[in-house]
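Written below as structure tokens is the structure these notes are about.
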Amino acid sequence: MLLGFAGTALLAACGGAEGPDEPTLQHEEPTLQNHDQAVTTVTLPIRINVGGGAFTDINGRPWEADRGYVGGQVLQVTDPIAGTSNDSLYQSVRMGDWWHNTGISYEIPVPGPGIYTVQLLLMEPDETVTNREMRILAEGETFVPQYKDLQIPLRAYTLNMDVAVRDGALNLDLMTDGLPAVLSAIEVTASKWKWLGLSPQASNIADPIDAPSLALDANNRPFVAWEERPSYTSTLNVYVARWTGSAYERLGGSLGSDTRAGNPTLLMDPTGAPVVTFLDSTPSISGTHVRVRRWNGTAWTEVGGPVSVEGRYALAVAAAMDGQGRPVLAAVMYDRAQKNERISVFRFDGTSWVSLGDIPESTSDWNEHTRHPVIAVDPSNRIVVAWDEWYGSRDFTIFEKTHVFRREANQWVRVGTPVPNGESSMSERPSLALSPVDGTPWVAYLESGRVKVVREQSGAWVPVAPTGLEGWPGMPHDAGPPLLRMDAMGTPTVALVEGGLYYEPRRFIRKFNGAAWVAVDGRVSPFDTTFAPVSGEDVHGDMALALSTSGQPVVAMFEQDPAGPYLPRILRVRTFTP
């Protein structure tokens with residue numbers, strides 16, 4: 001397998017479609033209506049012999065005759081096909097028209113909205129061609145910006161994609177600027193990724209500022225916190241919902257004031273109750289402060305009152321739970337002149353919030369900004385805090401550095417040097433995870449548009465193998481903030497978003513296997529996008545990641561409304577079952 005190919009695809013030089021049938025996928029809308037209003041049930045798997053007629057392969061599986069296509073012409077070859085025992089699947093080819101330089105399009109009815117694994121069977125039919133390139137789209141979005149692997153003629157290749165379909169039809173497009181596109185067969189089966197029910201929120205989400213927050217209870221049931229701005233208002237507030245096993249249940253109403261609340265972090269306390277930390281601007285309190293609330297089964301209750309420092313306001317906050325079930329917070333605080341930004345750390349003692357002091361790090365002599373705090377607690381109950389700092393010198397040189405500090409013997413001690421090491425590189429948007437075995441910090445961060453990962457070793461930061469830490473191999477890199485998580489066995493997982501070509505950001509998930517970052521279960525994450533930055537705009541993150549007790553990823557993210565691309569976004573949760 002050649003992992004890490006472009007987009008949300010996995011490329012392999014093999015026979016493809018050789019495995020057993022997968023079970024029928026259960027969807028929210030299992031039937032479709034045809035033009036005569038008769039009910040037509042669509043079941044999986046769907047197998048189409050592109051360019052050919054119906055037949056049964058050597059494994060006894062039926063393939064339908066070619067259907068649902070627009071464009072192209074049929075080409076038949078009689079040569080044997082290397083890399084497969086099902087030569088007939090590849091010997092019939094649909095090829096784009098030479099004279100119009102057109103691509104190939106398919107519209108295939110599916111059981112309903114859901115996530116599907118789409119396998120394209122591909123073969124280069126011209127023995128003189130080794131440089132055919134294609135752009136492959138699914139549901140109107142680029143999944144492979146530059147497909148280049150048909151380098152050996154008359155050899156079988158397969159391309160696997162996990163595609164989110166929001167209506168009753170799967171749309172595929174193979175496009176080209178050079179030699180015509182080619183395709184031999186299509187197989188549609190159930191994806192290992194599933195949408196978990198409908199959207200947790202009752203109304204559409206318009207322009208959230210921060211990503212949602214996600215936590216799992218002891219039974220791996222998701223709780224989600226998010227920002228929501230009702231249409232045509234300036235109000236921003238925080239809401240929480242939980243998955244009951246069959247639907248989402250909102251927990252009370254909004255958590256903040258009637259003006260503005262955001263930047264939520266969702267935790268689970270030892271009793272299984274959700275605890276939410278967020279920023280709140282209230283009419284009765286000047287400026288923005290940190291608030292923490294806990295769900296008691298019937299209502300949200302205040303935890304310790306507003307968290308603040310005299311004469312200072314909060315810009316951002318991160319939260320974690322220590323080994324004794326006490327929330328700990330890291331907040332960016334600034335004075336009323338909007339200067340002197342510092343990381344302030346607090347811990348709840350059961351009654352009130354106790355200050356653990358500021359982390360006084362400033363390497364600047366001009367225009368310093370402290371941003372993006374993250375916090376975690378290691379197995380020895382030591383608190384670790386990371387953040388990035390934007391600063392400049394009086395010669396107008398700009399720096400961005402990530403700092404990591406640990407609480408030891410009642411004081412804050414720097415871990416290593418500024419990440420990665422020294423002053424030569426820029427680093428920003430850190431994500432922090434600690435080994436559950438020995439508490440070793442791992443940090444994922446951005447450096448020049450790429451995601452990097454380091455871990456502490458003997459007091460220094462050691463780069464972790466970068467192989468696989470990219471979304472679009474060979475493409476321009478424009479990554480958004482990464483998310484780093486560690487499972488109970490100490491295996492790290494990174495979720496990232498990358499811009500790539502055509503201003504079509506995509507999300508990717510990679511798990512570290514000890515030597516490289518590989519796609520989960522050998523497959524690239526099936527994530528599409530709902531945002532398309534304009535030229536020059538940074539790619540931003542809008543996804544939350546959690547790992548189940550077995551280490552499998554669960555994500556919450558804002559997605560396009562199925563009713564139309566220009567409507568406010570909705571929040572969806574996706575689960576992975578290997």
### Task
Grab the two heavy atoms, one from Ala495 and one from Ile509, that are nearest each other, plus how far apart they are.
CB-CG1, 4.1 Å
### Query
Under 30°, 30 to 60°, or over 60°: which ring-plane class applies to Phe512 and Trp517, parallel, tilted or perpendicular?
tilted
### Trp387 and Phe405 aromatic ring geometry - parallel, tilted or perpendicular at 30°/60° bounds
parallel
### Query
Does the side chain of Val573 reach to within under 4.5 Å of the side chain of Pro200, using non-hydrogen atoms?
yes
### Leu571 to Ser199 - nearest heavy-atom pair and separation
O-OG, 2.7 Å
#### Entry: From CA spacing to verdict: salt bridge (Lys or Arg N to Asp or Glu O under 4.0 Å), Lys401, Glu428
CA-CA 6 Å; Lys401 283 295 173 185; Glu428 60 176 328; over 6 Å; no
### Summary
Tightest non-hydrogen contact, residues Leu150 and Leu122, listed as CD2-CB, 4.1 Å
#### Entry: Ser431 side chain vs Leu484 backbone, donor-acceptor pair below 3.5 Å
yes
### Query
Is any side-chain heavy atom of Pro264 less than 4.5 Å from a side-chain heavy atom of Tyr239?
no
### Task
Take Leu434 and Thr440 through the test side chain to side chain contact (heavy atoms under 4.5 Å, CB included) and record every step on the way to the result.
CA-CA 5 Å; Leu434 307 181; Thr440 297; over 6 Å; no
### Query
Minimum heavy-atom separation for Ser344 to Arg312, with atom names?
OG-NH2, 3.6 Å
### Query
Under 4.5 Å between any side-chain heavy atoms of Val182 and Met123, yes or no?
no
### From Arg574 atom CZ to Leu545 atom CG, the distance as rounded to the nearest 0.5 Å
13.5 Å
### Interatomic distance, Thr288 atom OG1 to Phe278 atom CZ [nearest 0.5 angstrom]
11.5 Å
### Message
To check you understand the geometry: which heavy-atom pair defines the closest contact between Gly323 and Val377, and what is its length?
### Response
N-CG1, 4.3 Å
### Query
Counting N and O atoms only, with roles assigned by atom type, does the side chain of Arg406 sit under 3.5 Å from a partner on the main chain of Trp412, one being a donor and the other an acceptor?
no
### Query
Any side-chain heavy atom of Leu159 sitting closer than 4.5 Å to one from Val144?
yes
### Query
Can you find a pair of side-chain heavy atoms, one from Asn160 and one from Val118, that are under 4.5 Å apart?
no
### Task
Determine yes or no for a side-chain-to-main-chain donor-acceptor pair under 3.5 angstrom, with Asp388 supplying the side chain and Arg429 the backbone.
yes
### Message
Looking at Glu400 and Met426, would you say the former's side chain and the latter's main chain have a donor-acceptor pair under 3.5 Å?
### Response
no
### Message
Rounded to the nearest 0.5 Å, what separates atom OG1 in Thr493 from atom NZ in Lys511?
### Response
3.0 Å
#### Entry: Side chains of His369 and Glu341 in contact at under 4.5 Å (non-hydrogen atoms)
yes
### Query
Can any side-chain N or O of Thr176 pair as donor or acceptor with the backbone N or O of Pro180 at less than 3.5 Å?
no
### Query
Take atom CE in Met175; do more than 12 heavy atoms of anything else shown fall under 6.0 Å from it?
no
#### Entry: Val129: partners by side chain to side chain contact (heavy atoms under 4.5 Å, CB included), with sequence neighbours left out
Glu124, Asp126, Asn131, Arg132, Leu179
### Query
Quick one: do Glu559 and Arg166 make a salt bridge, cutoff under 4.0 Å?
yes
### Ion pair check, Glu389 and Arg371, cut-off under 4.0 Å
no
### Query
Counting distance only, does the side-chain N/O of Gln119 pair as donor-acceptor with the main-chain N or O of Val188 below 3.5 Å?
no
### Message
To the nearest 0.5 Å, what is the distance between CG on Asn220 and OG1 on Thr549?
### Response
3.5 Å
### Message
Between Val462 and Val454, does the side chain to side chain contact (heavy atoms under 4.5 Å, CB included) criterion hold? Intermediate values first, please.
### Response
CA-CA 5 Å; Val462 176; Val454 294; over 6 Å; no
### Message
Under a 3.5 Å cutoff, is there a donor and acceptor pairing between the side chains of Ser105 and Asp173?
### Response
yes
#### Entry: Polar side-chain atom of Arg506 near backbone of Thr142 as donor-acceptor pair, under 3.5 Å
yes
#### Entry: Student check: side-chain heavy atoms of Ser213 and Trp226 closer than 4.5 Å
no
### Basic-acidic side-chain contact under 4.0 Å: Arg155, Asp149
no
### Task
Mark yes or no for whether Asp162, through its side chain, and Ser191, through its backbone, hold a donor-acceptor pair below 3.5 Å.
no
### Query
Is there a donor-acceptor contact under 3.5 Å from the side chain of Trp461 to the main chain of Val415?
yes
### Task
Rounded to the nearest 0.5 Å, what's the gap from CG on Leu174 to CG on Leu183? Could you check?
5.5 Å
#### Entry: Reported CE-to-CD1 distance for the pair Met557 and Ile570, which is rounded to 0.5 angstrom
10.0 Å
### Message
Looking at every heavy atom in both Ala319 and Thr277, which two are closest together, and how far apart are they?
### Response
CB-OG1, 3.5 Å
### Query
Donor-acceptor pair, Ser427 side chain versus Val419 backbone, under 3.5 Å?
yes
### Task
Begin with the C-alpha distance, continue with both residues' side-chain angles, and end with the deciding distance and a verdict on side chain to side chain contact (heavy atoms under 4.5 Å, CB included) for Leu172 and Leu137.
CA-CA 6 Å; Leu172 301 172; Leu137 294 85; over 6 Å; no
### Task
Measure the shortest side-chain to side-chain distance between Ile186 and Leu120 over non-hydrogen atoms and say whether it is less than 4.5 angstrom.
yes
### Query
Are Val165 and Tyr116 close enough, and set up right, to give a side chain to side chain contact (heavy atoms under 4.5 Å, CB included), and what steps lead you there?
CA-CA 7 Å; Val165 178; Tyr116 298 87; 3.8 Å; yes
